[in-house]
Amino acid sequence: MDGRDWGTFLLPYEQAVEELKVKFKTMRAELKKREEYAPIEFVTGRVKKISSILEKSRRLNVPLDQVETGIEDIAGIRIMCQFVDDIRRVAEYIRARKDLTVLIEKDYITNFKESGYRSFHMIIEYPVQTALGQKIVLAEIQIRTLAMNFWATIEHSLSYKFRESLPDDMRARLKKTAEAAFVLDNEMSAIRLQILEAQKAFEDDSNIVSRTLNIIHQLYFYHLVNEAIEAQKRFNDCWERHDMEGLKDLLDDVKELLNNARKGENPDEQL
């Protein structure tokens, strides 16, 4: 065992994880604004625990002075997608980035493991700007569906508990559940369009509600108190009856009220 300062050693990996999380979350937000749908559901990241690094270096026969190059996943990013097709799309976005270099790709979706594990892995080089200059670190990006992630999380917990002695019956049951997750992903892909339409309708309705309430609140600032009270009553009535068409009409009406009020103060200002 070497006597390195592990806290200092892991600093660039911690920085890499934080920066990559921000970048992929920003990618998600940008795609959602540009295309109304982002293939990224959410992003997580972690730096491998010291005990896990030591365990992996022993298992892979990697000398401790070579863990920087011998262990590829000290820094790990996980990107979750709704659908299998989204995984390919996210991988394409990552390949096109100029702030990292993809070294290796491992397609465990097409070539899933014997255990049933499915995921898409990309090993990258990522430059970190430290206080002492630039440092290139390796990081692993795992891209998978929510179903794949659920299965992999459970499998990882059981493998950790049983180490190399996972009982055969549990191994068989895990493999069976992996197939079930695969079927679930396929079924979700088959009704992808309907799912996306339902999600968009929910988001559109949420926006109508928030915009309507926001404008009603603004009416008070223009001394349209009676109009605001009346609009709030209409909102409450529509909300109780789940009348989205009524809420759309109400939004148009309160927008017109506010626009007219603003014209009195600033003729160029409109919603």
Side-chain angles (χ1 to χ4, degrees), residues 11-47 73-103 105 107 109 118-130 134 136-150 152-153 184-185 188-189 191-215 217-218 244 247-248 251 255 270-271:
L11 280 176
Y13 293 96
E14 292 169 356
Q15 186 174 332
V17 167
E18 291 306 311
E19 289 182 9
L20 287 168
K21 281 196 301 183
V22 169
K23 289 181 177 182
F24 289 126
K25 287 177 181 177
T26 302
M27 177 194 287
R28 179 187 188 279
E30 182 185 348
L31 288 171
K32 199 168 181 60
K33 281 188 178 178
R34 286 179 182 275
E35 305 175 17
E36 293 189 341
Y37 173 73
I40 297 173
E41 186 67 10
F42 63 91
V43 180
T44 63
R46 63 96 184 97
V47 174
D73 63 344
I74 294 177
I77 294 292
R78 191 168 294 161
I79 298 175
M80 257 60 71
C81 306
Q82 289 195 75
F83 306 103
V84 177
D85 287 347
D86 293 340
I87 295 174
R88 312 290 181 191
R89 193 171 157 207
V90 172
E92 287 178 9
Y93 285 125
I94 293 174
R95 291 188 196 107
R97 293 189 72 94
K98 303 300 183 188
D99 56 349
L100 54 83
T101 303
V102 177
L103 300 179
E105 296 186 13
D107 184 356
I109 298 173
R118 288 175 170 85
S119 185
F120 194 90
H121 293 193
M122 305 176 91
I123 308 300
I124 65 164
E125 276 185 347
Y126 182 74
V128 175
Q129 305 301 321
T130 74
Q134 178 172 284
I136 305 291
V137 300
L138 294 178
E140 182 182 72
I141 301 172
Q142 299 179 350
I143 316 170
R144 57 178 63 156
T145 63
L146 299 168
M148 292 175 190
N149 188 57
F150 175 67
T153 302
L184 175 62
D185 273 335
M188 290 300 163
S189 293
I191 56 172
R192 172 193 174 111
L193 185 60
Q194 291 91 328
I195 293 172
L196 293 180
E197 286 176 351
Q199 290 174 340
K200 186 174 186 309
F202 175 78
E203 197 159 326
D204 288 346
D205 289 350
S206 297
N207 288 336
I208 288 171
V209 168
S210 60
R211 288 184 66 196
T212 304
L213 288 174
N214 183 46
I215 293 176
H217 181 68
Q218 290 182 59
M244 288 310 302
L247 282 180
K248 289 178 186 175
L251 176 60
K255 279 168 64 178
Q270 283 200 359
L271 292 175

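Numbering starts at 1 and runs along the sequence shown.
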Problem set entry | Derivation and outcome, side-chain contact (heavy atoms from CB on, under 4.5 Å), residues L20 and I124 | CA-CA 11 Å; L20 287 168; I124 65 164; 4.1 Å; yes
For this session: State which residues pass side-chain contact (heavy atoms from CB on, under 4.5 Å) with A16; sequence neighbours excluded, sorted by chain then number.
Result: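 If we apply the side-chain contact (heavy atoms from CB on, under 4.5 Å) test to A16, skipping adjacent residues, the hits are Y126, V128, V137.
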Is there side-chain contact between [X] and [Y], with at least one heavy-atom pair below 4.5 Å?
X: N149; Y: T153; result: yes
X: I94; Y: F24; result: yes
X: I77; Y: K21; result: yes

For this session: Would you please test E92 and R95 for side-chain contact (heavy atoms from CB on, under 4.5 Å) and show each step?
Result: CA-CA 5 Å; E92 287 178 9; R95 291 188 196 107; 3.5 Å; yes
What's the separation between atom [atom1] in [X] and atom [atom2] in [Y], rounded to the nearest 0.5 Å?
X: M148; Y: R78; atom1: CE; atom2: CZ; result: 13.0 Å
X: D99; Y: K23; atom1: CG; atom2: NZ; result: 4.0 Å
X: I74; Y: E140; atom1: CD1; atom2: CD; result: 11.5 Å
X: D73; Y: I123; atom1: CG; atom2: CD1; result: 7.0 Å
X: I143; Y: D107; atom1: CD1; atom2: CG; result: 10.0 Å
X: N207; Y: E203; atom1: CG; atom2: CD; result: 6.0 Å

Exercise. In terms of side-chain geometry, is the basic nitrogen of E30 or K33 positioned less than 4.0 Å from the acidic oxygen of its partner?
Worked result: no
For this session: Begin from the C-alpha positions of I136 and T101 and carry the test side-chain contact (heavy atoms from CB on, under 4.5 Å) through to its verdict.
Result: CA-CA 10 Å; I136 305 291; T101 303; over 6 Å; no
For this session: Could you verify whether a donor N or O on one side chain and an acceptor N or O on the other, from Y93 and R89, lie under 3.5 Å apart?
Result: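 Their side chains do contain a donor-acceptor pair, which is all the 3.5 Å distance test asks for.
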For this session: Using atom types as modelled and distance alone, determine if a side-chain donor or acceptor of R28 lies under 3.5 Å from a backbone N or O of A38.
Result: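 Here the side-chain-to-backbone pair does not exist.
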Problem set entry | Heavy-atom pair of closest approach, residues E41 and L146 |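 In this case the closest contact between E41 and L146 is CG-CD2, 4.3 Å.
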Exercise. Do you know which two heavy atoms are closest between R144 and S119, and how far apart they sit?
Worked result: NE-OG, 3.3 Å
Under 3.5 Å, sequence neighbours excluded: what are the donor-acceptor pairs made by side chains of residues 79-87?
residue, atom, partner, partner atom, Å
Q82, OE1, Q199, NE2, 2.8
Q82, NE2, Q199, OE1, 3.3
D86, OD1, R192, NH1, 3.1
D86, OD1, R192, NH2, 3.3
D86, OD2, Y37, OH, 2.5
D86, OD2, F83, N, 3.3

